[in-house]
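In each ligand, atom 1 is the first atom listed, and ligand 1 is the first ligand listed. Fair warning: this is a prediction, and the values are worked out from it, not measured in the lab.
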Amino acid sequence: MAIGKLFGADKSAKISIDDERIVMPEHIGVIMDGNGRWAKSRGLPRKVGHAQGAKNFRKIALYAKSLGVKNITFYAFSTENWKRPQDEVNALMDIFDENLDDFDEFIKEKVRMQFVGDISKFRPSIVQKMHRLEDASKEFTTMTLGLAVNYGGRDEIVHAMKLISQDIEQGKLTKEQITEEEIGKRLYTYPCPDVDLIIRPSGELRLSNFLIWQSAYAEYYFTNINWPDFSKKDLDDAIIEFNRRNRRFGGV
Ligand code: IPE
Ligand code: IPE
Ligand code: MG
């Protein structure tokens, strides 16, 4: 049955995440925004918000797995975030470095880890930890957990175009063989399917260069809650709302 038709026109019908009719999105994207405002509203330095946000990432990622989500990608650091004050960028790098040591909890849960973006720009200790986690989890199939770091949707498309022109130069591909599928195969998120639900907390109503190719037909869910306060119940609500949407993909 098509998503959205499930609960009919009655928008007020109470539905629980355990309802057997609930369809999980194939791939959820989460923009972890609002760490700074979360800290500011408590009179704390922004980096405390980032540390709290990282903690929440681990909680929500494991919860998604328990719900049976197959693919989820969290936006942690954009190609544009380098323009923040140096001390904030340094604090974020320290938080990544420290948190990566705790990501073995995902390995224990048989979660495949994928770092989405140009990770070569990070300090060597971070790059090594990311490679180790990807390597140790590459055979796992329960859920793919993406962390978008030094990620930009436009940068990703430029990167894919470079790979395509390289393949053409080397005679592995012809111009006629360039298709959406061939481009998709060269994105950082490959082999994850397109995102079908994008969640953005903190009240901002924009994509900020996140998964711009993959979200062509995504459903969007916005909430005013800042990321460190985003709860399991908030993820339930987003998935339930996704199930109310009537997705037409250009059809009728
Ligand atoms: C998101 O929180 C984390 C990163 C972009 C690294 P912000 O730091 O953007 O928080 P706000 O938007 O300033 O509240
Ligand atoms: C988007 O948040 C990037 C991440 C959450 C990692 P930003 O806070 O950087 O986005 P803008 O600046 O509000 O668009
Ligand atoms: Mg922000």
Side-chain angles (χ1 to χ4, degrees), residues 27-61 64 71-100 102-103 113-123 126-127 129-130 144-159 187-189 192 195 197-215 218-231 234-235 238:
H27 186 177
I28 303 178
V30 183
I31 302 175
M32 299 192 285
D33 198 14
N35 294 347
R37 279 163 283 173
W38 181 92
K40 191 170 177 225
S41 70
R42 286 164 175 75
L44 298 165
R46 291 177 60 85
K47 65 178 179 193
V48 178
H50 294 313
Q52 197 61 31
K55 227 170 118 182
N56 204 40
F57 155 73
R58 283 158 46 200
K59 176 175 114 182
I60 299 297
N71 302 280
I72 188 163
T73 301
F74 291 84
Y75 202 8
F77 192 85
S78 75
T79 46
E80 288 70 38
N81 288 146
W82 297 107
K83 49 179 145 170
R84 294 190 177 199
Q86 196 57 47
D87 62 337
E88 179 164 347
V89 171
N90 289 344
L92 278 161
M93 295 304 132
D94 290 343
I95 289 166
F96 289 150
D97 219 336
E98 277 166 34
N99 271 270
L100 285 164
D102 295 321
F103 282 14
M113 302 245 21
Q114 184 172 44
F115 295 93
V116 173
D118 177 9
I119 66 170
S120 69
K121 299 288 181 291
F122 293 112
R123 59 169 86 130
I126 293 180
V127 176
K129 287 175 193 180
M130 289 177 173
T144 294
L145 171 59
L147 193 64
V149 281
N150 189 28
Y151 174 86
R154 288 187 170 187
D155 176 67
E156 180 180 45
I157 293 169
V158 169
H159 179 252
L187 299 177
Y188 294 126
T189 49
C192 290
V195 273
L197 171 63
I198 291 208
I199 300 171
R200 183 164 193 159
S202 92
E204 307 300 352
L205 308 180
R206 54 178 172 262
L207 268 185
S208 302
N209 206 5
F210 186 48
L211 303 180
I212 54 177
W213 175 281
Q214 299 90 331
S215 64
E219 297 295 329
Y220 294 86
Y221 182 85
F222 297 104
T223 160
N224 290 329
I225 294 155
N226 287 320
W227 172 251
D229 283 334
F230 187 93
S231 65
D234 293 316
L235 183 61

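The CD1 atom of I212 lies 10.0 Å from the CG atom of D155; values are rounded to the nearest 0.5 Å. With values rounded to the nearest 0.5 angstrom, E156 atom CD is found 9.5 Å from F210 atom CZ.
The shortest N or O to N or O distance between D33 and ligand 2 is under 3.5 Å. At a 3.5 angstrom cut-off on N or O pairs, N81 counts as close to ligand 2. Remark: ligand 2 and Y75 share no N or O pair separated by less than 3.5 Å (distance only, no angle test).
Ring planes of F57 and F103: tilted class, angle from 30 to 60°. Ring geometry for Y188 against H159 counts as parallel: the plane angle stays under 30°, on a 0 to 90° scale with 60° as the upper cut.
Within the 4.0 Å heavy-atom shell around ligand 2 one finds R200. Residue contacts with ligand 1: E204 is excluded, as none of its non-hydrogen atoms falls under 4.0 Å. Residue contacts with ligand 2 do not include R37, since none of its heavy atoms lies under 4.0 Å from the ligand. Proximity of G34 to ligand 1 is established by a heavy-atom distance of less than 4.0 Å.
The closest donor-acceptor contact from the side chain of D33 to the backbone of P201 lies at 3.5 Å or more, if one exists at all. A distance-only check finds a donor-acceptor pair linking the side chain of S231 to the backbone of D234 [under 3.5 Å]. Checking side-chain atoms of N150 against main-chain N and O of I119 turns up no donor-acceptor pair under 3.5 Å.
Closest approach of N81 to V89, counting heavy atoms only: O-CG2, 3.8 Å.
The protein atom (non-hydrogen) at minimum distance from atom 10 (O) of ligand 1 is G36 N, 2.9 Å. Of the protein's non-hydrogen atoms, the one nearest atom 8 (O) of ligand 1 is R84 NH1, 2.7 Å. The nearest heavy-atom contact from the protein to atom 2 (O) of ligand 1 is N35 N, 3.3 Å. Among protein heavy atoms, atom 14 (O) of ligand 2 sits closest to S208 OG, 2.6 Å. Ranking the protein heavy atoms by distance from atom 12 (O) of ligand 2 puts R206 NH2, 4.6 Å first. Among protein heavy atoms, atom 6 (C) of ligand 2 sits closest to A76 C, 3.3 Å. In this structure, atom 13 (O) of ligand 1 lies nearest to the protein heavy atom R46 NH2, 3.0 Å. For atom 1 (C) of ligand 1, the closest heavy atom belonging to the protein is M32 O, 3.0 Å.
Residue D33 approaches the Mg ion (ligand 3) most closely through its N/O/S atom OD1.
For R42, the CZ atom is densely surrounded, since the number of other residues' heavy atoms within 6.0 Å is greater than 12.
A salt bridge does not link R154 to E80: none of the charged nitrogens lies less than 4.0 Å from a carboxylate oxygen.
With a heavy-atom cut-off of 4.0 Å, F77 touches ligand 2 through its backbone alone.
Of all atoms in ligand 1, listed by their number and element, those nearer than 4.0 Å to a heavy atom of H50 are 3 (C), 8 (O). Within ligand 2, the atoms closer than 4.0 Å to a non-hydrogen atom of I31 are 5 (C), numbered from 1 in the order shown.
For the Mg ion (ligand 3), the N/O/S atoms of E204 include none lying under 2.8 Å.
Defined by atom type and a distance below 3.5 Å, a donor-acceptor pair is missing between the side-chain atoms of Q214 and H27.
Contact check for E98 versus D102: no side-chain heavy atoms found under the 4.5 Å cut-off.
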